[in-house]
Amino acid sequence: MTEIKLAGQSPWIVKSVRNNWVTIVIFVALLVALAIFVPTFYQPANLLNVARQSSIVGVVAIGMTFVILTGGIDLSVGSTLALSGVTMAMLINQGMVAGVAILIALLVGVGVGIINGFIVADLKIQPFIATLATMVAITGVALRVTSGGPQPFDNAGEIFNFLGSGNVLGLPGPFLVFLIVSVIAILALRYLAFGRYLYAIGGSPEAARLTGVPTRRTLFIAYAISGLAAALAGVMTASRLGVGAPTAGGLANLDAITAVVIGGTSLMGGIGGAVGTVFGALLLAVLSNLMNLLGISPFDQQTVKGAVIVLAVLLAMQATRKRTSGRRDKRNRSEKNSDPSSK
Amino acid sequence: MTEIKLAGQSPWIVKSVRNNWVTIVIFVALLVALAIFVPTFYQPANLLNVARQSSIVGVVAIGMTFVILTGGIDLSVGSTLALSGVTMAMLINQGMVAGVAILIALLVGVGVGIINGFIVADLKIQPFIATLATMVAITGVALRVTSGGPQPFDNAGEIFNFLGSGNVLGLPGPFLVFLIVSVIAILALRYLAFGRYLYAIGGSPEAARLTGVPTRRTLFIAYAISGLAAALAGVMTASRLGVGAPTAGGLANLDAITAVVIGGTSLMGGIGGAVGTVFGALLLAVLSNLMNLLGISPFDQQTVKGAVIVLAVLLAMQATRKRTSGRRDKRNRSEKNSDPSSK
Amino acid sequence: MPRLEVRGLSKSFLGANALQDVSFKIMPGEVLALIGENGAGKSTLIRILSGAHRPDAGEVLIDGDKVDISGPRDAENLGIATVYQELSLFPELSVAENLVFGAFPGRGIIDWRAAKREAGEFLTSLDVEIDVTKRVRDLSIAEKQMLEIAKALYRRAQIVILDEPTAVLGGEDVDHLLALVQGLAKHGVSVIFVSHRLNEVFGLADNYVVLKDGRLTGTGPISQTNHDDLVSKMVGREFARSERAVNKTVGDVVLEVENLSVDGVLNSISLTVRAGEVLGIAGLRGAGRTELARAIYGVDPITAGVVRIKGLAVANGSPLKTIRAGLGLVPEERKTQGIFIAMSTAANIPMVKMLKRGLHTIHPAEERKLAETYKTKLSIKVTNLAAAVASLSGGNQQKVVLAKWLDAGVDVLILDEPTRGIDIGAKQEIYQLIRELCNQGLAIIVISSELPEVLALSNRILVLHHGDAVAELDGQTATEEQIMLHAVGGSRK
Amino acid sequence: TNASSTPGSTSVASDGPMPSIYCGDTCTKQLALAAAPADVKCDVGVSWSATSFPYGAVSSQQIPDLAKKWFPGMSVTVTDGQGDATIQSGQVDEMVAKGIKVLIISPRDSDALKGAVDRAVAAGVKVIAADRNVNTTVDTYIGSDNVEAGVVSGKNIGSVLGKTGLLVELAGSLGASPTIARGDGLRTGLTGSGVTIVDSQTADYDQAKGLAVMQDLLQKYPSGAINGVYTHNDQMAFGAIQAIKEAGRESEIQVFSIDGEDKALADIQSGSMQSTVGYPLVTKESVIAAAKLCSGEPIEKRILLESTLIDSKNVADYVGKSPQTE
Ligand SMILES: Nc1ncnc2c1ncn2[C@@H]1O[C@H](COP(=O)(O)OP(=O)(O)OP(=O)(O)O)[C@@H](O)[C@H]1O
Ligand SMILES: Nc1ncnc2c1ncn2[C@@H]1O[C@H](COP(=O)(O)OP(=O)(O)OP(=O)(O)O)[C@@H](O)[C@H]1O
Ligand SMILES: [Mg+2]
Ligand SMILES: [Mg+2]
């Protein structure tokens, strides 16, 4: 009883951390190992870099989390990032006020998300292939509107400074954006009915239908959020670099998915959350920073990265497994979690 | 009754074609439209080109079909293609006999497949993330062994001629290879117990386990076949170009998956087959050839391709739906097929 | 004024009439039993009332007003709550959340503290003891069922529809549930109650409605009917009670289980089955019957004990080895565990033989011939053997599962709930088949929650309680009451 | 061909710090190193835009190899921008934080890496822009001009094909800056020549794609409809040549390319390629420049390598000295 009481009383943030303990433990272990072997890592300038570098993929991954929780996937985020970046750059070059240009760029992302939502929820095409198609198509659009060329623009304004390279309260602006987005996502997933619908749809689509969960609307919103986050990442990228490039965001989709999965969210949907994603994105950034600091050749970095992904997912899976294991339920659970034939 | 008798008696090849009728209808419609609007298309030389161009992705897609039937996916085929190509090139440059070098290159592919099989079947990591990890890692290996440089080699031998640019019986060698591989795959899926196991694992993983289907072994073999096919495609690419490039095969994974899905194989596993994949690969090659013949701008080609993918998948899905719909089961089946929350 | 009235409801699926011109009413505080064979249209009717299906014709009135129920939300707003045959709970979410799902407390922002408190208080008020912070995944079946009902009530429903709520329950749990339903009715809630267990119907309902092939074949107060009358309305013929008919000439011991244990689930169970004999296994849900079958069969790892088939110990952990030793299992979950749902009927049948003999190739022509043979032998109703087995009805799918084992050849066959969800006609055919197999010298274990079924088929009956084998009874002399007493643990006190 | 023609670390030829043949007299003079190689001691960061294309991959490998060989006291960190300016920009910040003294950067995008380079300069790091310039003040830019390469090829095409010239273009990856520059350069170079560009398609700098796209174009343009193809790099040219040979149209279509790989030189000798424009890797030059900056020596703002047209007349001078092996 005491145990239960405890569980009942501990604030959910504590529980969240408890649920993601493996990611966090690896993370902390990594941080300690770094302190010993790569002291450079702890120089404030480097830490700020890591924070900054986690931001873009982090924001995309937070949006992706919503889609993956429904059991879907969004491969189109990279091209959405590019399209929103060039949209903003071109509008500003046409003399539009920064704020409005940014708003329109973000709406472009929402638009792509709605198209994805339509293909998935209404045309009922599997999310992988649906968003693969929009990925290809949107790249075409980004190239078309720019005639293929990068779009430099004047990113001297306050807002670009914040979104791009500036520091606020000693933290890099983009990292602050990442944190704000994360907090909103974490709260939305927990405190909004919409957030709970995502889990319902991803975990038990049939039960969701019977319970009257607005599946279609929820899917539309989830993909729109993913598109919005990708567009925000596009705006951040362009602000930072002072150029909107139609070729930006190349591997953002795979990196974001990796961050989400490392963070303990299952590609089958219904399990996971944004807290894990934050750590997943940070882990990827630390890994890459670390390999650079250690001077590992770029070729070998890829091999190492592949191995680390496997390891991290393995550990994240074990955490999820431990957390979800009830005695009686062993049979069913292991069927769901360990079914190798499901993506 | 007549109807049933007919169904029972018609040879399976007829049934296969019947099952893939939508893909075939689009395909034929496309071919007719071409005859009218793009007569160049029918020049024998162009047809041979299309055949040749479908071959590489086609071979990869046939291998991919085995994996997707189990409900899995293999993102690592592109980097496997590159690694096997450079392996062969480097071995030949070291003076190895062509046949042996090719064999070793193919074994490299099998090796990658076995690693994938291990991660999926034993470590029980979801195939998407498992093969994403190997994809990254194998790219690193290909770059490492070549120090990043393309590996030209002397591809004057008979065998390279056949695998690469030669013609046999009036057909391009690579296309012949594609056809042979396809026929083997179609027969294996139909006449080997192993083929049945793939469908069983993909369609009813639990029943498969209870019936003693060797799930682990079957998964290993499926991924090994996918790796082997990718390696064969790598050998073909290198033979054709006279160079093994560590950066080859970039989007081969996505193209191959697209071909499989357009061909009516479900990403959920258990439904589909290699006949559809052959048509899927041909459709992609025709599309790209056509767009070049029509002089569609390279920017817009991508947008068109995205739209065509959605359309083709939509039609393939409808065919599958019609074909598998039984009275009683509409309920369950539609849940399975149209469940938007599953990849 | 009736709380709910339906007039002339009809619904057909692809030309097949699932429901034809059905009308009835229900008053506040009334418990209405909805009965009928499998496929009679009960679930279809319920789905219409809960907004999952639209009727083709007819109307629904609530408190005298015509209403349009076009989705689960509408039904909820109209005060109709449904507890489905398949549970509609979210296993990954907590009890509290499942209870309040969709009716979250708080304005836009969910107030979890309130949710937990309200959920706790609400469950207590229903006399249901479940820790609200537990995840539903970790609940027992009975707890899940209770929660499912509580969920309907939580929404202040005035009409509660229960689609076979007791099918998966046993003993005390059934009593608890029935008490709950009675309590509801006392508070003025109208209850529609679907059950195949007529005893429950007589104990609970005020009135009944019988459906057969989608048509209403009888309705009236429960006090003016009896068991046999209802059954004849359901099946349209006089019901012959299944005879206790077992094979008397049993042979040698074929299956021998010694001190089999699975951690926390089974405690040192021993049993034997002889050739030509049926061993019935009875027990409440959760007693460990399925676990026992799976442990014998070798899918779940055992912690101690040994299983011998014809004297040879079989290796645990590999179904294939057990299959090769001569064992077969017809599993509980037909659709996911028994058949290969996306494969054709013809392809399904030879699967086990293929595995058992380690065959590597397939001969489609022979496969088709084989399928034709079994189609005739087991009278499987199927129009196209090359079509996905998913298109067959439940009973026919079950016959396909049996065909698989017969084709492979088995010495021991374990059938876990062989007739669950199967209608009376098909049921009898399956009983017949089991008896024939016995006569051919197979050793058979039948696990069933339906005591008449166990009694009708078994030579001996093993009763499980909480993972212990608490009694072995003679199939010829045992009674339902005896079995129940052991199953609820009564014999131990 | 054999292993010796394989680009990569094994084939770095000379023993002392020596710029390549593409570094003309001025360039060589500009890169004269006063310090003794053994005295060069500092941390150098190398940031290449990607390793997913041959130049990037080879450069990423050669620079540290050369540095190790020539300047044992120089320590080199190499990063791979993975084709993404954001990633590359972060990596620059990272290396600056790590304490490098000199940065060799080949930016993914000239505008996009401006910020990172400015931050590096502000932190006191000396910056060498290699191959592709950054749109800001750097200590030196070493490279040959992509636009210039296009112009040189364009002028040559104009004079070879003349008024009857019907040219197709196989462009590099869409949106990549060399693609844009080599396309623009071509058009500038062709001005007034009368040559018509009848079609332009992308082949992603990839040999296999060059082959496939050229095959399609050969169908679209039967004999007489085209007489030249301009490719943005040699890899695509190899594919195009193969397609042309297989179509049996070697005699009617001339191939003009950019880069100057070994195989391209061989193709020029055998007549299957009309010309290529030498586009050198700037690995040797970059390493020497880094050594100069390490030792505090002054350096010119622009060190230009030559965009030389290589055709049958001068190909012999370049054989064995392709940009990648040199
Ligand atoms: N979605 C559907 N598509 C096609 N046929 C259906 C569908 N739903 C029900 N049916 C058919 O309608 C008839 C009535 O089915 P229903 O599920 O209502 O029966 P039931 O009385 O609830 O049976 P049980 O006792 O097995 O639950 C059956 O023949 C069934 O096959
Ligand atoms: N306390 C419980 N907690 C979780 N799951 C339970 C519990 N009791 C039973 N179950 C589930 O119910 C199912 C049946 O359990 P088990 O196999 O032990 O009982 P059984 O006697 O075979 O009952 P039945 O055959 O009626 O299901 C299993 O899927 C099991 O996971
Ligand atoms: Mg029902
Ligand atoms: Mg059971």
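In what follows, every heavy atom counts, from backbone to side chain, and hydrogens, waters and symmetry copies are set aside. Every chain is numbered from 1 and lettered A, B, ... according to where its sequence line falls, protein lines coming before strand lines.
For the atom pair CG of B:Leu187 and OG1 of C:Thr361, the computed distance is 12.5 Å after rounding to the nearest 0.5 Å. In this structure, CD1 in C:Ile362 is found 4.0 Å from CZ in B:Arg196, a value given to the nearest 0.5 Å.
Highest contact tally toward chain C, considering only B:Pro214, B:Ala188, B:Ala207, is held by B:Ala207 [criterion: heavy-atom pairs under 4.5 Å]. For the set C:Gly338, C:Ala347, C:Ala346, C:Pro331, the entry with the most heavy-atom pairs within less than 4.5 Å of chain B is C:Ala347. The candidate with the highest count of non-hydrogen atom pairs below 4.5 Å against chain B, out of C:Ile339, C:Leu329, C:Thr336, is C:Thr336. Of the listed residues C:Lys321, C:Glu367, C:Arg324, C:Lys404, the one with more heavy-atom pairs under 4.5 angstrom with chain B than any other is C:Glu367.
If you measure heavy-atom distances from B:Ala208 to chain C, the contacts under 4.5 Å come from both the backbone and the side chain.
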Inset, instruction - Starting from the C-alpha separation in whole Å, work towards a yes-or-no answer on side-chain contact (heavy atoms from CB on, under 4.5 Å) for C:Gln337 and B:Thr211. - result: CA-CA 8 Å; C:Gln337 303 178 336; B:Thr211 320; over 6 Å; no
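Side-chain atoms of B:Arg190 and C:Pro364, non-hydrogen and from C-beta on, do get closer than 4.5 Å to each other.
Using a 4.0 Å cut-off between charged side-chain N and carboxylate O, B:Glu206 and C:Lys335 make no salt bridge.
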Just distance, no hydrogens or angles: give the donor-acceptor pairs under 3.5 Å from side chains in residues 349-359 of chain C, sequence neighbours left out.
| residue | atom | partner | partner atom | Å |
| --- | --- | --- | --- | --- |
| C:Lys353 | NZ | C:Asp407 | OD1 | 3.0 |
| C:Lys356 | NZ | C:Gly409 | O | 2.4 |

